[in-house]
Every structure is written in C-alpha cells, then in structure tokens.
Amino acid sequence: MAKFGKQELWQASSCLLCIAVAWVHLDDLGAGEFSGGWLTGPLFTLADDGSILFVLAIALTFLYRRIAAAIALVASLLCVPLYLYFIAPGSFRWVLRGEYSVPLRANFVWNNWAIAGSQAF
C-alpha cells in the first residue's frame, strides 16, 4: 500500500469539506421550486455539477495531484455563483433583470452556509 504525503491528504480533505458544504444544502434546495426557476435552475445545476467534480478531484488526488487540483478549481468556480446568489440577491436582480416571484428584502443577506461555501473558493 502506498503511503500518501501531507499535500495529498490536505487536498483530499479540502475537497471533502467543499462537498460537505455543497451537498448538505443542495439536497434541501433541489426538492422545491428552486431548481426549476429561470435563474435559480441553472445556478443549481452548476453547483450540482461542481459537487460531482469535487468527487472526481478526490479520486484523482492520489494519482494525479495537479490534474485533481485543476478539477477542484473548476468545481469551485462552478459552485460560487449559487453562493453569491444567496449572499447578494440584490446584485443578481440588478444584473439579470426579469420577473421575480418573491420581493427583494435586502441587497445583501448573511447566510452561514453560503459564506462558508464562498470562502472555500
């Protein structure tokens, strides 16, 4: 059995942490109307694809560390728009004009899991 170094273990554990942050809350969001919206549907799909790429990055970390790091970076970039949507919904409404079914309460909102997910990037 091969002995893995600290770098591989740190990289795999950081990808695992990113998966945990994403999957804990993506499961709750996908069950409702959130995944079918004209804006939130694509954001949810991007984050879902990013979380799958994190799994691939974990698997490749112990074989090809640099390729796995590039995949993890792409996965992080895919997950960030969803986190930013929860942190700054006013900015999304300003940039992407459209008809929203829920009125805007604040331009910026403190959301613990979104802050944690955006900090992972």
Side-chain angles (χ1 to χ4, degrees):
M1 182 172 201
K3 185 174 181 180
F4 301 114
K6 285 183 183 180
Q7 292 176 341
E8 288 88 358
L9 294 175
W10 276 110
Q11 184 172 335
S13 62
S14 65
C15 287
L16 188 63
L17 180 64
C18 290
I19 289 171
V21 168
W23 275 1
V24 164
H25 300 287
L26 283 178
D27 189 37
D28 295 337
L29 294 174
E33 294 179 7
F34 185 83
S35 62
W38 68 271
L39 174 63
T40 56
L43 291 177
F44 180 78
T45 303
L46 283 174
D48 197 30
D49 293 344
S51 64
I52 292 170
L53 285 177
F54 277 124
V55 173
L56 179 64
I58 288 175
L60 289 177
T61 295
F62 300 106
L63 300 173
Y64 306 104
R65 195 176 81 225
R66 289 184 181 180
I67 294 173
I71 291 172
L73 182 63
V74 170
S76 296
L77 289 173
L78 289 176
C79 291
V80 164
L82 180 68
Y83 300 140
L84 291 179
Y85 177 75
F86 282 109
I87 295 170
S91 300
F92 269 83
R93 289 184 183 210
W94 182 68
V95 172
L96 301 170
R97 304 245 183 235
E99 188 173 323
Y100 292 88
S101 62
V102 178
L104 183 64
R105 292 186 180 187
N107 287 329
F108 294 95
V109 179
W110 186 267
N111 189 324
N112 289 334
W113 79 267
I115 297 289
S118 65
Q119 294 301 316
F121 173 69

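Quick caveat, the model's predicted, so the values are computed rather than measured.
By the 4.5 Å heavy-atom criterion applied to side chains, Leu82 and Leu46 are not counted as neighbours. Inter-residue side-chain proximity for Val55 and Trp23 is flagged as met; some heavy-atom pair is nearer than 4.5 Å.
Criterion: ILVMFWY side-chain heavy atoms under 4.5 Å apart, direct or through other members. Under it, Val80 and Ile52 are not part of a common hydrophobic cluster. Follow the hydrophobic side-chain contacts under 4.5 Å out from Tyr85 and you reach Leu96 in the same cluster. Under the 4.5 Å side-chain contact rule for hydrophobic residues, Trp10 and Leu17 do not share a cluster. Under the 4.5 Å side-chain contact rule for hydrophobic residues, Trp110 and Phe108 do not share a cluster. Under the 4.5 Å side-chain heavy-atom criterion for Ile, Leu, Val, Met, Phe, Trp and Tyr, Leu39 and Trp94 are members of the same hydrophobic cluster.
Leu56 meets the side chain to side chain contact (heavy atoms under 4.5 Å, CB included) test with Leu53, Leu60, Ile71; sequence neighbours excluded. Under the side chain to side chain contact (heavy atoms under 4.5 Å, CB included) criterion, Leu104 pairs with Pro89, Arg93, Asn107, sequence neighbours left out. For the side-chain hydrogen bond (donor to acceptor under 3.5 Å, both in side chains) test, no residue two or more places apart in sequence or in another chain qualifies with Ser14.
Atom-to-atom distance recorded for Phe54:CZ and Thr61:OG1 is 11.0 Å, nearest 0.5 angstrom. Rounding to the nearest 0.5 angstrom, the gap separating the CZ atom in Arg65 from the CD atom in Gln7 is 4.0 Å. Atom CG of Leu16 sits about 9.0 Å away from atom SG of Cys18, to the nearest 0.5 Å. Taking CD1 of Ile87 as the reference point, atom CZ of Phe92 lies at 9.5 Å (rounded to 0.5 Å). Atom CG of residue Asp48 and atom OG of residue Ser51 lie 4.5 Å apart, to the nearest 0.5 angstrom. Taken from CG in Leu43 to CG in Leu78, the straight-line distance is 11.0 Å, to the nearest 0.5 Å.
Scanning both residues, Ala57 and Cys15, for their nearest heavy atoms gives CB-SG, 4.0 Å.
A donor-acceptor pair under 3.5 Å links the side-chain atoms of Glu8 to the main chain of Gly5, judged by distance alone.
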